[in-house]
Amino acid sequence: MRARFLVPLFIFLVLVGFLWKGLSRDPREVPSPLVGKPAPTFHLPRLDAPEKIFSPSDMRGQVWLLNVWASWCVSCREEHPVLVELAKRRDVPLIGLNYKDQRPAALAWLERFGNPYHLSVSDADGRVGIDYGVYGVPETYVIDRAGIIRMKHIGPVTPEVLDTKILPLVAELSK
């Protein structure tokens, strides 16, 4: 008879445990099944020269960053000055994946706020974003010399994220 009253208490404690675990996680650290796997391949037109095609295979042998951005993205505006400063340092090539955007709007945005990208490609229909598991923009991927995704960062790249996570990983992968 006593055990009959303990069952609801046990169930309640299990639910509290799941809630506690869920609330204690950082929503920006969503595990990606792509980390440790080859970056999905694509062939997309460059934003600045649509007649030219870029593929991740063009970056083989280099550690590089793929930053998913859009001119309509408010958070992209927040991270953009950080990316502009990163480009000045020339620590790592930065490739932009312009996600579900209009080419004139994207070009105007880069003209207005500066262009930190080695080059940017246009993913107008978002299919490449789907292949990369993009939840929303901005997102940034660290890709190693062999074309393996080593890190995925969801949300704006801040100076802290850049200095404590991304650049140390880039330095380690560049050895």
Side-chain angles (χ1 to χ4, degrees), residues 20-42 44 46-48 54 56 58-101 105-107 109-123 126 128-175:
W20 176 265
K21 179 75 174 169
L23 291 177
S24 65
R25 301 182 82 185
D26 183 352
R28 292 177 190 243
E29 293 186 14
V30 177
S32 172
L34 293 177
V35 173
K37 295 185 178 170
T41 191
F42 60 82
L44 288 176
R46 288 176 47 161
L47 190 62
D48 63 335
F54 171 81
D58 296 341
M59 299 303 288
R60 284 286 165 117
Q62 298 182 62
V63 178
W64 57 290
L65 303 181
L66 178 68
N67 176 255
V68 183
W69 69 282
S71 65
W72 46 262
C73 163
V74 175
S75 295
C76 296
R77 180 128 185 231
E78 179 185 332
E79 82 169 352
H80 199 73
V82 176
L83 299 180
V84 169
E85 287 303 313
L86 173 65
K88 290 177 185 174
R89 294 166 51 175
R90 298 178 185 254
D91 289 331
V92 60
L94 178 62
I95 306 296
L97 180 69
N98 184 239
Y99 183 70
K100 293 185 177 181
D101 206 351
L107 291 171
W109 201 80
L110 292 175
E111 177 72 25
R112 181 174 179 194
F113 299 113
N115 186 351
Y117 301 106
H118 178 73
L119 63 92
S120 198
V121 294
S122 179
D123 183 21
V128 172
I130 291 170
D131 291 344
Y132 275 77
V134 172
Y135 291 95
V137 287
E139 290 187 6
T140 303
Y141 299 82
V142 177
I143 301 173
D144 73 9
R145 292 176 180 175
I148 306 295
I149 294 175
R150 295 299 180 180
M151 179 185 167
K152 176 181 180 179
H153 175 76
I154 298 173
V157 172
T158 63
E160 179 187 353
V161 168
L162 192 62
D163 292 336
T164 62
K165 293 182 177 178
I166 294 175
L167 290 179
L169 179 59
V170 167
E172 181 183 322
L173 295 172
S174 298
K175 291 181 183 174

- Query: Got a sec, which residues hit salt bridge (charged side-chain N to carboxylate O under 4.0 Å, His left out) with Lys175, two or more places apart in sequence or on another chain?
  - Reply: none
- Query: What distance separates Leu66 CG from Met59 CE, expressed to the nearest 0.5 Å?
  - Reply: 10.0 Å
- Task: Kindly write out the residues that satisfy side chain to side chain donor-acceptor pair (under 3.5 Å) with Asp144, not counting sequence neighbours, or none if the list is empty.
- Result: Arg150
- Item | Atom pair CZ/CZ of Arg60 and Arg145 - distance to nearest 0.5 Å | 13.5 Å
- Message: Can you tell me which residue among Leu119, Leu110, Asn115 is in a side chain to side chain contact (heavy atoms under 4.5 Å, CB included) with Leu47?
- Response: Leu110
- Output yes when a side-chain donor or acceptor of Lys100 lies under 3.5 Å from a complementary backbone atom of Gly129, and no otherwise. no
- Query: Looking at Ile95, Leu83, Leu97, which one forms a side chain to side chain contact (heavy atoms under 4.5 Å, CB included) with Tyr117?
  - Reply: Leu83
- Task: Return the set of residues passing side chain to side chain donor-acceptor pair (under 3.5 Å) with Tyr99 (not counting sequence neighbours), or none when no residue passes.
- Result: none
- Task: For Arg89, enumerate each residue passing the side chain to side chain donor-acceptor pair (under 3.5 Å) test, keeping only those at least two apart in sequence or located in another chain.
- Result: Asp91
- Sequence-distant partners of Gln62, side chain to side chain donor-acceptor pair (under 3.5 Å), two or more places apart: none
- Task: Only counting residues at least two apart or in another chain, list the ones meeting ring-ring contact (aromatic ring centres under 6.0 Å, His included) with Tyr141.
- Result: Tyr132
- Message: How close do Ile149 and Leu34 get, counting heavy atoms only, and between which atoms?
- Response: CB-O, 3.6 Å
- State, with a plain yes or no, whether a side-chain heavy atom of Leu86 is found less than 4.5 Å away from one of Leu167. yes
- Could you list the residues that satisfy side-chain contact (heavy atoms from CB on, under 4.5 Å) with Val170, not counting sequence neighbours? Val63, Leu65, Val92, Val142, Ile166, Ser174
- Query: How would you list, by chain and number, every residue that makes a salt bridge (charged side-chain N to carboxylate O under 4.0 Å, His left out) with Glu85, sequence neighbours excluded?
  - Reply: Lys88
- How long is the span from the CG atom in Asn67 to the CD atom in Glu139, to the nearest 0.5 Å? 9.5 Å
- Mind checking what makes side-chain contact (heavy atoms from CB on, under 4.5 Å) contact with Ser75, not counting sequence neighbours? Cys73, Pro138, Pro156
- Phe42 side chain near Asp131 side chain, heavy-atom distance below 4.5 Å: no
- Note on the structure: By salt bridge (charged side-chain N to carboxylate O under 4.0 Å, His left out), Asp48 pairs with (sequence neighbours left out) Arg46
- Item | Non-hydrogen atoms of His80 and Pro116 that approach each other most closely | CE1-CD, 3.3 Å
- Query: Can you list the residues that meet the ring-ring contact (aromatic ring centres under 6.0 Å, His included) rule with Trp64, with sequence neighbours excluded?
  - Reply: none
- Message: When you compare the side chains of Asn98 and Ser120, does any donor N or O come within less than 3.5 Å of an acceptor on the partner?
- Response: no
- Task: Indicate yes or no for a side-chain donor-acceptor contact from Trp69 to the backbone of Glu79 under 3.5 Å, with no hydrogens or angles considered.
- Result: no
- Message: On a heavy-atom basis, which atom in Ala105 and which in Asp101 lie closest, and how many Å separate them?
- Response: CB-OD1, 4.1 Å
- Rounded to the nearest 0.5 Å, the NZ atom of Lys165 sits from the OG1 atom of Thr140 at a distance of 12.0 Å
- Closest non-hydrogen atoms of Val137 and Ala70, given as atom of the first, atom of the second and distance, are CG2-CB, 4.4 Å
- Taken in chain and number order and not counting sequence neighbours, the residues that satisfy salt bridge (charged side-chain N to carboxylate O under 4.0 Å, His left out) with Arg112 are none
